[in-house]
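All of these numbers come straight from a predicted model, not from anything done at the bench.
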Amino acid sequence: MLDLRLIRKNYGEVRQRIATRGEEYVKLVDEVYRLDKEKREIQKEVEILRALLNKKSREYGKLKREGKEDENLKRELSQIKENLSRLEEKLKLLEEELYQTLLRIPNLPHPTVPVGRDENDNVEVRKWGEPPKFNFNPKPHWELGEYLGILDFEKGTKLSGSRFVVKRGLGARLVRALINFMLDLHTKNGYLEMYVPHLVKPEILIGTGQLPKFEEDLFKCERDGLYLIPTAEVPLTNLHRDEILKEEELPIYYTAYTPCYRREAGSYGRDIKGLIRLHQFDKVELVKITTPERSYEELEKLVRDAEKVLQELELPYRVVELCTGDLGFSASKTYDIEVWMPSYNRYREISSCSNCEDFQARRMKLRYKTKNGKNLYCHTLNGSGLAIGRTLAAILENYQQEDGSVSVPKALRPYLGGLEVIEPHG
RNA sequence: GGAGGGGUGGCCGAGCGGACGAAGGCGCGGCGCUGGAAACGCCGUGUGCCCGUUUUUCGGGCACCGAGGGUUCGAAUCCCUCCCCCUCCGCCA
C-alpha cells in the first residue's frame, strides 16, 4: 500500500512513477487523491461535531445529576446527533472506497529500476557458468523423467487434472533431497527455518498483496474462508503483522519449505509440458524483515544467497533486473535468477528476489521502534531459494547423458546416499 | 461436535453507566541517593488519524478496553451477533 501522505505531498511524482508500470494505474492514483481530499473534509466536520456533542453531553449530564432538565439542550443534542450520523455514514463509505482503491495500486518502482514495458526490457546483471555443450540431441526434462521412471504426468492428470504431476521413486527422493539441501544451506547462512500453515486467512493475503487484486490466481477453501498459499512468502512475511518490533531484532531472516498452489488463470497453453508451470509445486523461500536503511543492501545479499544454491549444484544461470513493466505488484525492485534450460535453449526463471520496501509492511501494520522511540514501517524482502520443480528440471536437462541417464550434482549426492547416476528404474 | 470459563495498555490486574486513555503492580527510560551497585525515593512511559505550527519540536481535536451492531444525553461498563483463547467430554492423524 502506498503512503497516502506521499500521494498528497508528491502527487505529480507518484503519478509519474506509477505510470512506468502501466498507464492504467494513474487513474487509480487520481481517484485516491480525490477521495482522500474529500474524506479529510468530511472527517474534519465529523470531529468538530463530535467534540461539540461530547461537550454538550457532559453539560447535560451535569444538569441531570443536579436534578435539572433542559429540554432545549436535549433537542440540540439530538439535532447534532442526527447531523453526525449522516456525516459519519458518508465518512465510512469514503474511507472504505479509499482503502479499497489504495489496495489495488501497485508499489512504486525504485528509481534505479529500468523503465520498460515487459520482460524484453529486463536488464542482464551477471552470468555464472557455461551452458553445457552436448554432442547428442538433449532431451527435455519431461521425456527424461518419464524414461527414467521418476516423473509421471499421466498419473498426475489422473488424480487431479492438468498441471499436476506424480513423482516416483528417485523422483520423489530428489524432491526431498533438494528441500533438505537448500534448507541446510540457508540455515547455515543465518536464516531461521520455519514450518508454516499452508492455508491462510484472506487478510494475510491482503498483507502481502495477492488480495484483493489477484483472487482468481488462488485456490480457495470456500467453506472455511481460507486460501491455499501461492508461496511461503505469504505466511512468513505475515508472521509479525500487527507487531512493533525492536530495532535490535532486525534484520530477521526466515526460510521455509512449503508447497505452493496457483490456479495459473490466464496461462492456458503456456508451458503445458513438464515441471515448469504446475498448480502445485514445491519451493524453499527466503524472507527478510529489515529497516529501510538496510533493505537494499539486504536485497543484494538475498540474491547472492539464492545464487549459491545454483552455484553449489553447478547449474549455469544469469541474474536479470526486472524493468518497471515486469515488476510484481508488491515489489519495488526485483532480481530474477534464470537457470539455463537446454530444452528451451534459453534461461528460464527459477527465482525471483524482491524488495517490497514498506508496501507490504503498511498493509499488515508491521513496524519497528527506533532507538529514539519512533514507530516506523519495516521493509520486507522475499526470494525463492529456489523453486524445487524447476531446479529438478534443470538438473535433469543439464546433467543428462547420451544414454538418457542423468548424473547427480556432487552437492546433492550426500542427500541421496551417495548416488552418482540416475538410471531407469522399474 | 457438547458443557463451562475468559478476552482491558509491553506484561499482570482493577474497573461493571459520566470526572476512565483507563487504579495498582511489574517492566522500561530519566533523575536523585551511593565510592560503585542493589534496595529506596521522585518524574516519565500506548496506538492511529485529522487540524494548526513546525525539518526534528510543540499545541489542539477525534477514535481505540477482541470485532461488529444496538440501548442511552453519555458505554470498557448494559443488550445482541460474531471471532479468538482456556478447561472438561466426544471424535481423530
Side-chain angles (χ1 to χ4, degrees), chain A residues 1-10 32-103 195 197-207 221-227 235 238-250 252 259 291-293 358 360-378:
Chain A
M1 198 157 67
L2 297 186
D3 182 0
L4 257 181
R5 271 176 268 211
L6 186 74
I7 297 179
R8 258 177 236 158
K9 277 173 67 182
N10 299 353
V32 161
Y33 185 81
R34 179 181 63 78
L35 287 167
D36 173 56
K37 205 167 162 184
E38 197 181 342
K39 186 219 108 182
R40 271 150 56 218
E41 277 164 20
I42 304 290
Q43 181 176 351
K44 212 158 112 183
E45 286 184 55
V46 163
E47 287 180 4
I48 288 168
L49 271 185
R50 185 150 286 285
L52 185 67
L53 185 69
N54 287 345
K55 190 169 145 246
K56 298 267 180 185
S57 226
R58 277 191 294 270
E59 281 174 25
Y60 183 88
K62 206 166 159 191
L63 288 175
K64 194 100 186 229
R65 264 172 288 125
E66 287 165 5
K68 294 178 198 150
E69 187 68 56
D70 187 335
E71 285 302 324
N72 282 333
L73 186 54
K74 194 164 181 177
R75 260 196 301 280
E76 197 182 341
L77 280 167
S78 64
Q79 186 63 247
I80 294 171
K81 277 212 298 181
E82 215 175 286
N83 289 339
L84 194 58
S85 65
R86 206 173 37 240
L87 278 170
E88 275 176 335
E89 189 63 28
K90 202 168 162 188
L91 180 63
K92 220 166 119 181
L93 288 172
L94 274 168
E95 275 174 342
E96 186 57 24
E97 202 184 342
L98 177 62
Y99 179 61
Q100 289 303 328
T101 312
L102 208 47
L103 283 181
Y195 193 92
H198 303 164
L199 287 163
V200 296
K201 301 174 190 172
E203 59 264 36
I204 302 304
L205 288 148
I206 289 173
C221 300
E222 193 73 52
R223 259 181 91 97
D224 303 286
L226 296 171
Y227 293 83
N238 276 282
L239 279 169
H240 298 287
R241 78 188 339 261
D242 293 314
E243 288 183 22
I244 301 173
L245 301 166
K246 295 195 196 84
E247 188 168 4
E248 309 88 76
E249 296 177 73
L250 303 177
I252 293 173
T291 59
E293 297 78 46
D358 62 7
Q360 296 180 322
R362 182 168 282 112
R363 286 175 163 242
M364 60 177 83
K365 295 190 180 65
L366 166 57
R367 292 171 294 172
Y368 72 100
K369 197 178 274 295
T370 64
K371 292 186 179 84
N372 44 36
K374 283 194 77 165
N375 295 330
L376 300 175
Y377 287 109
C378 300

Who passes salt bridge (charged side-chain N to carboxylate O under 4.0 Å, His left out) against A:K39, sequence neighbours left out? none

Let me spell it out: for each of A:L53 and A:Y377, pick the nucleotide of RNA chain B with the closest heavy atom. Which residue's pick is nearer the 5' end? A:Y377

Hey, mind stepping through A:L205 and A:N238 against side chain to side chain contact (heavy atoms under 4.5 Å, CB included) and telling me if it holds? CA-CA 9 Å; A:L205 288 148; A:N238 276 282; over 6 Å; no

Side-chain heavy atoms of A:N375 within contact of A:K369, under 4.5 Å: yes

Looking at A:L245, A:I244, A:L376, A:D358, which hits side chain to side chain contact (heavy atoms under 4.5 Å, CB included) with A:R367? A:I244

Using a heavy-atom cut-off of under 4.0 Å over every strand shown, decide if A:K92 touches base, sugar-phosphate, or nothing. sugar-phosphate

Whole-Å gap separating C1' (B:A67) and CD (A:E203): 11 Å

Expressed as a whole number of Å, how far does the P atom of B:C28 sit from that of B:A37? 16 Å

Contacts of A:E82 that satisfy salt bridge (charged side-chain N to carboxylate O under 4.0 Å, His left out) - sequence neighbours left out: none

Kindly say whether A:L84 contributes a backbone atom to a donor-acceptor pair with the side chain of A:R50 at under 3.5 angstrom? no

Distance check needed: B:G29 P versus A:E248 CD, whole Å only. 11 Å

Considering only the C1' atoms, how many Å lie between B:U55 and B:U45, rounded to the nearest integer? 26 Å

Sugar-phosphate means primed atoms, P, OP1 and OP2; the rest is base. With that split, encode nucleotides 50-63 of chain B 5' to 3' as B, S or - using protein heavy atoms under 4.0 Å. BS---------BSS

What is the separation between atom CD on A:E66 and atom P on B:G18, rounded to the nearest whole Å? 16 Å

Least distance between heavy atoms, A:Y368 atom then A:Y377 atom: CE2-O, 3.6 Å

Side-chain contact test, heavy atoms from C-beta onward, threshold under 4.5 Å: evaluate it for A:L49 versus A:E88 and give yes or no. no

In whole angstrom, what separates A:L84's CG from B:G74's P? 10 Å

Round to a whole Å and report the spacing from NZ of A:K64 to P of B:G18. 14 Å

Checking all strands, does A:K369 fall into the base, sugar-phosphate, or nothing category for heavy-atom contacts under 4.0 angstrom? sugar-phosphate

With a 4.0 Å cutoff (strictly under), does any side-chain N or O of A:K201 reach OP1 or OP2 of B:C83? no

I need the CG-P distance between A:D242 and B:C84, as an integer number of Å. 16 Å

Whole-Å P distance, B:G29 and B:C85: 34 Å

In whole Å, measure the gap between the P atoms of B:G70 and B:U77 for me. 14 Å

Could you work out, with salt bridge (charged side-chain N to carboxylate O under 4.0 Å, His left out) as the rule, every residue matching A:D3, not counting sequence neighbours? A:R362

For nucleotides B:C82 and B:U87, find the distance between their C1' atoms and express it as a whole number of Å. 22 Å

Quote, to the nearest angstrom, the C1' distance that separates B:U72 from B:G17. 9 Å

Using atom NZ of A:K62 as one end and atom P of B:A19 as the other, report the distance to the nearest whole Å. 13 Å

Between B:G59 and B:G7, how far apart are the two C1' atoms, rounded to whole Å? 36 Å

Non-neighbouring partners of A:R40 that pass salt bridge (charged side-chain N to carboxylate O under 4.0 Å, His left out), sequence neighbours left out: A:D36

If pairs are Watson-Crick or G-U with both distances under 3.5 Å, what is the dot-bracket string of RNA chain B, marking crossing pairs with [ ] and pairs to another strand with |? ((((((((.[[[..)..(.....]]]((((((.......))))))(((((((.....))))))).[[[[[..)....]]]]])))))))....

Report the distance from atom OH of A:Y60 to atom C1' of B:G18, rounded to the nearest whole Å. 13 Å

Using atom C1' in both nucleotides, what's the gap between B:U71 and B:C79 to the nearest angstrom? 7 Å

